[in-house]
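All figures in this text were calculated on a predicted structure; none of them were measured in a lab. Atoms within a ligand are numbered from 1 in the order they appear, just like the ligands themselves.
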Amino acid sequence: MQTTAVVIGAGHAGLAMSRRLCERSIDHVVLERGQVANSWRTQRWPSLRLLTPNWQTRLPGHPYAGDDPDGFMPVADVVATITGYARLIGAPVRTATTVHAVRATPRGFAVQAGDDLLRAQAVVLATGACGRPAIPDAAGAIPPSVTTVTPFAYRGPGQLPDGGVLVVGASATGVQLADEIHRSGRPVTLAAGEHVRLPRSYRGRDIFWWLEATGLLAERYDQIDDLTRARHLPSPQLTGTPAADITDLNMLTAQGVRVTGRLGRITGGTAQFSGSLANICALADLKMNRFLTRADQWATEHGLDDQLPPPHRFAPTRVDPRTPLQLDLTSGEITTVLWATGFRPDHSWLDIPVRDRAGRIRHDGGVVTGAPGLYLLGLPVLRSRASTYIHAAAADTQALASHLHSFLSRRR
Ligand SMILES: Cc1cc2nc3c(=O)[nH]c(=O)nc-3n(C[C@H](O)[C@H](O)[C@H](O)COP(=O)(O)OP(=O)(O)OC[C@H]3O[C@@H](n4cnc5c(N)ncnc54)[C@H](O)[C@@H]3O)c2cc1C
């Protein structure tokens with residue numbers, strides 16, 4: 001089959017791109033290995049809610065129209081939103097169609113999807129930033145008596161064996177799951193590496209309101225000093241519920257979660273944790289306060305001080321100096337290790353030499369380097385800091401569809 005463009009992946013980003021291609025009358029097809037919104041159907045745990053507020057969950061031509069703009073969508077609503085969007089825009093999606101290989105050809109690209117071979121002049125990789133859980137090498141040394149779980153497989157505390165749980169990673173996933181598992185009555189140890197601490201709300205406004213208002217989310221990828229670092233920043237310690245004003249290490253410690261340092265090596269069944277937790281927490285506090293200062297300055301500059309509650313600061317993170325730096329995983333105290341150590345994209349089927357030494361696809365704001373006609377979508381800080389979040393698909397697809405359109409015009 002011959003088409004002008006192939007979009008791989010029918011998450012919100014692939015669908016937004018489909019809409020942009022339709023706007024430009026570019027003939028295309030969207031290939032999806034599962035159903036529309038497959039990641040949200042199959043790779044998210046049931047209690048998850050978006051940590052971005054509903055008003056921000058907007059897609060091109062499709063603002064949030066529900067009656068709870070300040071709420072946080074559960075997974076089922078995210079699926080319904082994305083599925084409804086696919087219907088609304090009449091996206092040409094072929095479901096149950098897994099792409100196994102993409103190759104460059106003299107006239108464009110060959111996309112192998114099952115027995116079908118599609119030929120196209122342009123290909124958009126919209127298969128998401130979170131195609132597989134990132135698991136540290138130490139996982140190989142976990143004693144066989146301990147159950148290990150990734151967020152993809154986690155369905156709730158009831159699925160875990162009785163006993164203590166070591167949650168590795170204290171970003172959004174780690175703090176949310178540590179909280180949920182601890183509430184179920186299991187003792188939880190949380191190994192915290194570098195993290196981003198932010199309050200759910202500040203001076204009466206949701207933190208995402210501040211992130212948008214101050215212009216932080218709009219910062220472009222080519223204006224960020226350390227782009228590689230920005231692209232690898234962990235997700236903020238937030239929960240999608242206004243009830244939890246702050247889901248930080250202080251709150252977890254107060255509940256009885258034992259917080260320790262970053263997991264290092266596991267030798268002879270003993271897990272070793274970094275002793276730098278206090279420094280890491282001090283840095284996270286510093287960065288949070290730096291952002292709150294920026295927010296306060298912005299409020300003053302915009303004459304909002306009279307309309308908002310006064311500025312304030314949150315208590316510094318308390319670190320218990322008695323926290324153990326090692327844990328014997330063979331003692332029976334810990335029966336489960338949960339890897340909340342992040343996610344990685346999976347482009348293993350891309351058969352075009354466009355990767356750097358670290359195996360990452362080289363690109364300039366989503367325009368893949370060295371492969372004209374190849375585009376990337378849905379990765380953190382792809383074109384701006386907002387690219388990490390759903391709503392940025394509007395701007396990102398606008399820019400990339402425009403580039404793709406010019407590319408096709410030049411070829412003609
Ligand atoms: C736990 C978690 C919580 C998050 N919370 C938020 C939040 O609160 N707010 C927010 O804005 N963002 C959030 N995100 C980020 C957001 O989900 C991602 O940015 C978004 O899912 C990426 O959308 P996407 O369309 O790029 O990819 P996805 O939604 O992952 O869609 C990619 C699609 O590609 C398909 N696919 C993959 N490989 C192939 C293949 N070989 N062939 C065919 N199809 C393929 C997949 O089945 C999938 O349907 C969260 C992410 C995670 C993991």
Using heavy-atom distances only, which candidate in [options] approaches [atom] most closely?
atom                    : options                : answer
atom 15 (C) of ligand 1 : V99, T388, L376        : T388
atom 14 (N) of ligand 1 : W40, W45, Y389         : W40
atom 2 (C) of ligand 1  : E32, R44, Q35, M17     : R44
atom 32 (C) of ligand 1 : A126, P380, A129, A172 : A126

Side chain, backbone, both or neither: which applies to T97 and ligand 1 if a contact is any heavy-atom pair less than 4.0 Å apart?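 The backbone, only.
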Below 4.0 Å, non-hydrogen atoms only: which portion of V36 touches ligand 1? Side chain, backbone, both or neither. neither
Donor-acceptor pair between T239 and T241 side chains, under 3.5 angstrom: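 Short answer, no.
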Less than 4.0 angstrom from a charged side-chain N to a carboxylate O is my criterion; do [X] and [Y] meet it?
X    : Y    : result
R41  : E32  : no
D116 : R94  : yes
D351 : R103 : yes
E219 : R294 : yes

Do the two ring centres, one from W45 and one from W40, sit under 6.0 Å apart? no
Restricting to pairs with a member in residues 182-191, which pass salt bridge (charged side-chain N to carboxylate O under 4.0 Å, His left out), not counting sequence neighbours? D162-R186, D179-R183
Any pair with a residue in residues 203-213 that passes salt bridge (charged side-chain N to carboxylate O under 4.0 Å, His left out), sequence neighbours left out, goes on the list, sorted by first then second residue, please. R58-E212, R200-D206, R203-D296, R203-D305
So is there a nitrogen or oxygen of L51 less than 3.5 Å from a nitrogen or oxygen in ligand 1? yes
I want to know if ligand 1 touches N38 in the polar sense, i.e. an N/O pair below 3.5 angstrom. yes
Identify, for [atom], the protein heavy atom at the shortest distance, and state residue, atom and that distance.
atom                    : result
atom 7 (C) of ligand 1  : L50 CD2, 3.4 Å
atom 44 (N) of ligand 1 : R33 N, 3.1 Å
atom 34 (O) of ligand 1 : G9 CA, 3.2 Å
atom 39 (C) of ligand 1 : T127 CG2, 3.6 Å
atom 25 (O) of ligand 1 : A13 N, 3.0 Å
atom 9 (N) of ligand 1  : T52 OG1, 2.7 Å
atom 11 (O) of ligand 1 : I390 N, 2.7 Å
atom 30 (O) of ligand 1 : S39 OG, 2.6 Å

Test side-chain hydrogen bond (donor to acceptor under 3.5 Å, both in side chains) on T95 and Q35; report intermediate values, then the result. CA-CA 5 Å; T95 53; Q35 301 176 60; over 6 Å; no
[X] side chain vs [Y] backbone, donor-acceptor pair below 3.5 Å:
X    : Y    : answer
S235 : A172 : yes
N38  : G11  : no
H28  : I26  : yes

Going by the atom numbers of ligand 1, which of them fall below 4.0 Å from some non-hydrogen atom of [X]?
X    : answer
G378 : 26 (O)
G128 : 26 (O), 27 (O), 30 (O), 32 (C)
T98  : 42 (N)
L31  : 43 (C), 44 (N)
W349 : 41 (N)
G11  : 25 (O), 29 (O), 31 (O), 33 (C)
C130 : 53 (C)

Taking atom CG as the centre, does D226 end up with more than 12 heavy-atom neighbours from other residues, nucleotides or ligands that are less than 6.0 angstrom away?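 More than 12 heavy atoms, drawn from other residues, nucleotides or ligands, come within 6.0 Å of this atom.
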Tell me whether atom 22 (C) of ligand 1 lies less than 4.0 Å from at least one protein heavy-atom position. yes
Mind listing the closest non-hydrogen atom pair of F314 and S201 along with its distance?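 Minimum heavy-atom separation between F314 and S201: CZ-O, 4.0 Å.
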